[in-house]
Amino acid sequence: MTCRHYFTLPWDPRATDGTTWPEGGAILLRLDRNEYLLAGQGVVAEFKTRTEKEQEQRKTLGEDGFAQAGGQQRQTTAFSGRRLGIASVDEVSIDSDGKKHFLRRLGGDQNHQGRHARIAIGEWKVLHIKLYEY
């Protein structure tokens, strides 16, 4: 997994307006093989297999995380190996007895069509993340 500051995402205007980035932070707890809790604020978490990460580093990516087109060297070999995808991201609450309560399921707009789980600056949340391999 890779965790980064929320302002590394290109669409929030506060990321590039010249002001100092506010602090963000989170804790990531592994519950099971492909299941995590992410709690905090101002963070983006991506999940990839080691093979996926190694092959990603071989190509030039644009600011949106996609391979740059036009004039850039293209990747000549096809991807090989297994990938990780986000099956679901649910906002949850945890009561004083440690019991988890479902609040809402985040859709494609909130998880960038399954590319990452994120919690905006100033929005303290707990996310229950389930992954799948393909």
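Computed from heavy atoms alone, side chains included, the values below leave out hydrogens, waters and symmetry copies.
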So, taking the atom named NE2 in H116 and the one named SG in C3, what distance separates them when rounded to the nearest 0.5 Å? 12.0 Å
Side chains of E91 and H128, heavy atoms from C-beta outward: is any pair under 4.5 Å? no
Starting from the C-alpha separation in whole Å, work towards a yes-or-no answer on side chain to side chain contact (heavy atoms under 4.5 Å, CB included) for Q41 and I121. CA-CA 6 Å; Q41 62 98 21; I121 291 290; 4.2 Å; yes
Would you sort out whether S80 and Q55 count as a side chain to side chain contact (heavy atoms under 4.5 Å, CB included), showing the intermediate values? CA-CA 9 Å; S80 62; Q55 291 184 39; 3.5 Å; yes
Please confirm whether the backbone N or O of T49 pairs with a side-chain atom of E52, one donor and one acceptor, at under 3.5 Å? yes
Under 4.5 Å between any side-chain heavy atoms of F47 and I129, yes or no? yes
Could you pull out all residues at least two apart from E133 that satisfy salt bridge (charged side-chain N to carboxylate O under 4.0 Å, His left out)? R33, R82
Quick one: list whatever passes salt bridge (charged side-chain N to carboxylate O under 4.0 Å, His left out) with R30, sequence neighbours left out. none
Nearest non-hydrogen partners of A26 and L38, listed with the distance: CB-CD1, 3.8 Å
Mark yes when over 12 heavy atoms from residues, nucleotides or ligands other than Q113 sit less than 6.0 Å from its CD; otherwise mark no. yes
Would you say L31 and L37 make side-chain contact, with heavy atoms under 4.5 Å? yes
Can you name the residues that form a side-chain hydrogen bond (donor to acceptor under 3.5 Å, both in side chains) with D17, not counting sequence neighbours? T19
Walk me through whether T2 and K48 qualify under side chain to side chain contact (heavy atoms under 4.5 Å, CB included). CA-CA 8 Å; T2 302; K48 297 182 179 187; over 6 Å; no
Any donor-acceptor pair under 3.5 Å from D32 side chain to N34 backbone: no
For R83, which residues count as a side-chain hydrogen bond (donor to acceptor under 3.5 Å, both in side chains) partner, sequence neighbours excluded? none
Is there a chain of hydrophobic side chains (I, L, V, M, F, W, Y, each step under 4.5 Å between heavy atoms) that links V89 to Y36? yes
Would you mind reporting whether R118 and L9 have side-chain heavy atoms less than 4.5 Å apart? yes
Could you pull out all residues at least two apart from S96 that satisfy side-chain hydrogen bond (donor to acceptor under 3.5 Å, both in side chains)? none
I'd like to know whether L28 forms a side chain to side chain contact (heavy atoms under 4.5 Å, CB included) with M1, so could you lay out the CA-CA distance, the side-chain angles of the two residues, the decisive distance to 0.1 Å, and finally the verdict. CA-CA 10 Å; L28 183 69; M1 87 236 11; 3.1 Å; yes
Side-chain touch F7/P22, heavy atoms, less than 4.5 angstrom: yes
Working to the nearest 0.5 angstrom, can you tell me the gap between R115 CZ and I86 CD1? 10.0 Å
Heavy-atom side-chain contact between L127 and V92 under 4.5 Å: no
Transitive ILVMFWY side-chain link L106 to L131, under 4.5 Å: yes
Any carboxylate oxygen within less than 4.0 angstrom of a Lys/Arg side-chain nitrogen, looking at D12 and R14? yes
Report yes or no: does D97 contribute a side-chain atom to a donor-acceptor pair with the main-chain N or O of K99 at less than 3.5 Å? no
Check this for me, if you would: do R4 and E46 make a salt bridge, where the nitrogen-to-carboxylate-oxygen distance has to be below 4.0 angstrom? yes
Distance-only, no hydrogens or angles: does the W21 side chain make a donor-acceptor pair with backbone N or O of A15 under 3.5 Å? yes
Among all residues two or more places apart in sequence or in another chain, which pass the salt bridge (charged side-chain N to carboxylate O under 4.0 Å, His left out) test with E123? K125
